[in-house]
Amino acid sequence: AHSFASLMTAACVLLALLGVVAATVPSDWADRVAQSQMLYADDDRKNVLLPYVGNGFSAWFVDNDGVYVSGVFNGFLDKAPSHRARVPAPLSITVPTNSPRPAALDIERGVYYRRSIVSGTSVPVFVEQRWYFHRENASIFAMEMQVNFTGAASVSIPLQSNSGKPSADISFQNIPSPEGTTVINGSIDTPEVNGGELVVVAMASASVPASVTVTGNTTLYFFAAIRTSLESASPAADALSDYQYAVAHSSGMLATHIAAWADIWQSGVEIVGRPDVAAVTNASMYAILSSVRADRPFSLSPGGLPSNGYNGHSFWDCETWMYPSVLLLHPDVAASLLLYRFNRLEGAHEKAQSYPQKYAGAMFPWESAFTGEEVCPTWAGTGLREQHISGDIAFAVKQYWLATGDLAWLKAVGYPIVQGVADFWVSRVTPDPKTFPHANLSINDVIPPDEFHDHVDNSVYTNVVAMYSLQFATEAAALVGAAADPLWNDVASRLVILFDPVLGIHPEYQGYKNETIKQADVVLLGFPLGFNMTADVRRNDLLYYARVTSPDGPAMTWGMHAIGFVDLEDYTEAEGLFNRSFANAQAPFQVWTETPSGGTANFITGAGGYLQTVTFGYPGIRLQADGLRIKPVLPQGATRLAVRGVRYFGASFRLDYTSDIMLITLTTASSQSTLSIVDSTGTSHPLVLGQAVKLAVGQALIVAKSSL
């Protein structure tokens with residue numbers, strides 16, 4: 001409070017009198033801004049994309065009039081379509097000011113700070129607002145307002161509310177509540193399916209007055225608590241109880257929130273020498289983690305939880321782009337993302353049966369919301385034909401198994417998913433011995449990841465993820481003691497995988513002729529799929545498809561190209577692509593946009609694609625059947641990179657490396673396994689808790705051995 005008071009009374013008064021913008025970072029924020037723990041704007045009223053605060057239960061874009069709650073959708077299937085249901089934002093409050101409004105997003109602590117000099121008061125009044133969604137007490141939304149002034153016995157501060165119009169999605173009613181508190185309760189207007197659940201939402205919040213009068217330097221606390229029928233039998237009563245708890249513990253709520261975030265940040269990435277990379281890395285991880293939590297299995301959408309972008313639906317974006325880095329650092333959260341799919345297997349089976357061919361097994365919807373039925377708008381062909389998503393989900397299951405070795409999970413959750421997906425692919429293939437006399441099973445009439453093209457046959461990406469699904473289903477069956485369908489391996493061995501021996505590339509689909517493509521497609525064969533090919537073929541694919549990829553495509557493409565060239569040890573080529581991979585993160589708050597010129601804001605699909613360059617690409621981390629491979633190299637300009645809290649088989653370790661030395665330190669031991677690292681000479685080194693193994697930079701393999 002002291003540093004804030006001195007800053008605002010000395011520097012800001014002078015700046016206000018002179019009409020000058022405060023370009024210098026406030027002294028009490030400077031160190032943490034320099035360490036990329038806070039992102040600073042000298043005046044957040046400028047033309048900037050404002051960030052969001054959230055905790056995976058609910059989230060809010062700063063100054064927006066709506067809050068969104070995970071799992072709460074309104075609208076019928078693909079007709080309305082089903083979309084995130086808006087809850088009015090009770091704490092979207094500003095104070096009037098005519099002076100610069102410095103602000104900072106504290107990505108380490110999950111707090112948005114804004115400083116204002118209140119206009120229209122008899123003496124200068126300095127206000128710092130702090131917004132957060134409590135990470136531990138998930139229902140709580142908070143705004144703290146620290147007030148400093150001198151020269152008057154009291155001041156009145158106007159409060160401008162931006163809670164917006166009543167919700168068009170939820171029929172809220174006011175219910176009796178204690179004085180100074182507002183409690184609203186209501187259900188969504190339209191369920192996703194006929195006879196479906198009408199989810200109830202309740203919110204208890206402070207009744208925000210038009211102004212507040214304070215008699216001295218103080219901190220005011222405003223809280224709201226949101227509960228739903230998804231986790232509560234009595235949402236209104238529980239919302240009021242949670243609200244009253246926050247009020248009773250008002251001065252300590254921020255500290256417990258910060259402590260909960262500190263626990264999350266035990267896993268992350270540190271980069272020294274490239275502050276631009278450090279900032280976008282921390283901001284990207286924050287953007288994803290603020291939209292999801294381990295105890296709330298409702299997946300991730302391209303625009304994240306604070307946005308109704310893409311109607312809040314879950315696509316392949318979750319498993320292919322956001323999930324990999326989450327799995328590496330937060331496997332409990334990754335498990336919740338896959339539990340979302342498992343809980344909606346019935347909808348995937350229903351979708352398979354909805355086609356005239358009555359496909360077997362589990363065909364996951366291209367767009368999923370509450371029920372797991374297809375909610376892609378009817379005007380889009382993707383809902384019918386972009387079918388690789390089932391393979392993407394099965395591949396994510398395999399990655400989870402490779403990262404955790406959790407056999408109980410595989411038996412209960414993973415295997416039912418991959419079994420259903422394998423059965424779907426068997427029913428989906430079409431024999432074509434005339435065109436392909438050897439590998440002669442085709443998957444026809446699909447949309448590949450390159451959505452510029454429709455009704456294509458034998459999308460090479462689709463066929464490879466289908467093949468992997470079938471192969472892993474057979475492997476998983478043996479692991480869990482189930483009987484594998486012999487057709488799984490048979491179909492996998494006979495799928496058409498296109499290759500052009502003249503150009504030395506994988507054609508995107510049958511008949512592809514150098515057309516412009518939307519986004520990463522064939523290049524995904526190299527990473528993340530790890531499809532077996534020569535270095536020359538991989539290079540050819542990367543160079544060929546870089547030339548034909550639209551410059552206006554979505555954000556995540558270029559990170560995959562960068563990883564490809566890192567794998568090929570062409571670091572010069574990789575560097576330009578790496579820098580391009582985070583060009584869509586918009587200063588000052590590093591808010592991602594879908595395309596270079598705009599599109600969906602807070603596009604965490606792009607954040608996820610970028611993060612894979614610093615969690616998998618440059619550290620060289622790969623999940624393999626024989627262990628976790630590392631082969632680290634530094635991005636250009638960086639002097640050190642560390643990936644802390646990597647989770648593997650129940651343990652965690654830290655990989656810390658420079659250009660020539662790497663340290664691997666076990667930071668959490670596992671009761672299920674012991675870890676060792678095999679260096680490039682074949683020598684095995686046990687990993688002992690707290691003791692670093694020092695090796696020359698190079699390829700190594702971390703191996704887990706069961707201790708049960």
Summary of side-chain hydrogen bond (donor to acceptor under 3.5 Å, both in side chains) pairs that have at least one residue in residues 287-296, sequence neighbours excluded: Tyr52-Ser291, Ser70-Arg296, Glu231-Arg296, Arg293-Asp295
Sequence-distant partners of Asn98, side-chain contact (heavy atoms from CB on, under 4.5 Å), two or more places apart: Ser119
Parallel, tilted or perpendicular: rings of His313 and Phe73 (30°, 60°): tilted
Check: Phe149 main-chain N/O paired with Asn217 side-chain donor or acceptor under 3.5 Å: yes
Modelled atom types, side-chain donor and acceptor of Gln160 and Thr94, under 3.5 Å: yes
Smallest separation among heavy atoms of Leu305 and Val69, with atom names: CD1-C, 4.0 Å
Nearest atoms (heavy-atom pairs only) where Ser36 meets Pro275: OG-O, 3.6 Å
Side-chain touch Thr150/Val123, heavy atoms, less than 4.5 angstrom: no
Partners passing salt bridge (charged side-chain N to carboxylate O under 4.0 Å, His left out) against Asp44 (at least two apart in sequence or in another chain): Arg101, Arg114
Side-chain H-bond candidate by donor/acceptor type, Thr593 with Gln586, under 3.5 Å: yes
Heavy-atom side-chain contact between Trp592 and Phe582 under 4.5 Å: yes
Set of ring-ring contact (aromatic ring centres under 6.0 Å, His included) partners for Phe133, sequence neighbours left out: Phe141
side-chain contact (heavy atoms from CB on, under 4.5 Å) partners of Asn137, counting only residues at least two apart: His134, Ile140, Tyr245, Met253
Residues, nucleotides or ligands: over 12 heavy atoms within 6.0 Å of Gln244 CD: yes
Asn602 side chain reached by Pro306 side chain, heavy atoms, under 4.5 Å: yes
Asp189 versus Ser171, closest heavy-atom pair with distance: OD1-OG, 2.5 Å
Residue pairs, two or more places apart or on separate chains, that pass salt bridge (charged side-chain N to carboxylate O under 4.0 Å, His left out) and touch residues 245-255: none
Criterion ring pair (Phe, Tyr, Trp, His ring centres under 6.0 Å) against Tyr112, the qualifying member of Phe61, Tyr286, Phe589, Tyr40: Phe589
Glu575 (side chain) donor-acceptor with Gln636 (main chain) under 3.5 angstrom: yes
Sequence-distant partners of Phe223, ring-ring contact (aromatic ring centres under 6.0 Å, His included), two or more places apart: none
Which residues share a side-chain contact (heavy atoms from CB on, under 4.5 Å) with Ser314, sequence neighbours left out: Ser299, Cys318, Tyr340, Arg341
Sidechain-backbone polar pair: His330 side chain, Ala294 backbone, donor-acceptor under 3.5 Å: no
4.5 Å side-chain heavy-atom contact, Phe298 and Leu230: yes
Partners passing side-chain contact (heavy atoms from CB on, under 4.5 Å) against Gln266 (at least two apart in sequence or in another chain): Asp263
Flag, side chain of Asp106 to backbone of Val111, donor-acceptor distance under 3.5 Å: no
Non-hydrogen atoms of Trp321 and Ala520 that approach each other most closely: CH2-CB, 4.2 Å
With Glu270 via salt bridge (charged side-chain N to carboxylate O under 4.0 Å, His left out) - residues at least two apart: Arg640, Arg644, Arg654
Over all atoms of both residues, closest heavy-atom pair of Ala225 and Tyr243: CB-N, 3.6 Å
Ser581 side chain vs Phe578 backbone, donor-acceptor pair below 3.5 Å: yes
Contacts of Asp332 that satisfy salt bridge (charged side-chain N to carboxylate O under 4.0 Å, His left out) - sequence neighbours left out: none
Parallel, tilted or perpendicular, as decided by the 30° and 60° cut-offs, for the rings of Trp60 and Trp131: tilted
Mutual orientation of the aromatic rings belonging to Phe603 and Tyr310 [parallel < 30°, tilted 30-60°, perpendicular > 60°]: tilted
Any donor-acceptor N/O pair, Ser156 side chain to Thr213 backbone, under 3.5 Å: no
Ser207 side chain to Thr182 side chain, donor-acceptor N/O pair below 3.5 angstrom: yes
Distance-only polar pair, side chains of Asp242 and Ser139, donor-acceptor under 3.5 Å: yes
For residues 83-93, run the donor-acceptor check on the side chains, cut-off 3.5 Å, and write out each pair with its distance to 0.1 Å, sequence neighbours left out.
unit_1 : atom_1 : unit_2 : atom_2 : d
His83  : ND1    : Asn74  : O      : 2.8
His83  : ND1    : Pro81  : O      : 2.9
His83  : NE2    : Asp169 : OD1    : 2.7
Arg84  : NE     : Ser307 : O      : 3.1
Arg84  : NH2    : Ser301 : OG     : 3.0
Arg86  : NE     : Asp65  : O      : 3.4
Arg86  : NE     : Asp65  : OD1    : 3.4
Arg86  : NH1    : Lys165 : O      : 3.0
Arg86  : NH2    : Asp65  : O      : 3.1
Arg86  : NH2    : Ser163 : O      : 2.9
Arg86  : NH2    : Lys165 : O      : 2.8
Ser92  : OG     : Asn64  : O      : 2.9

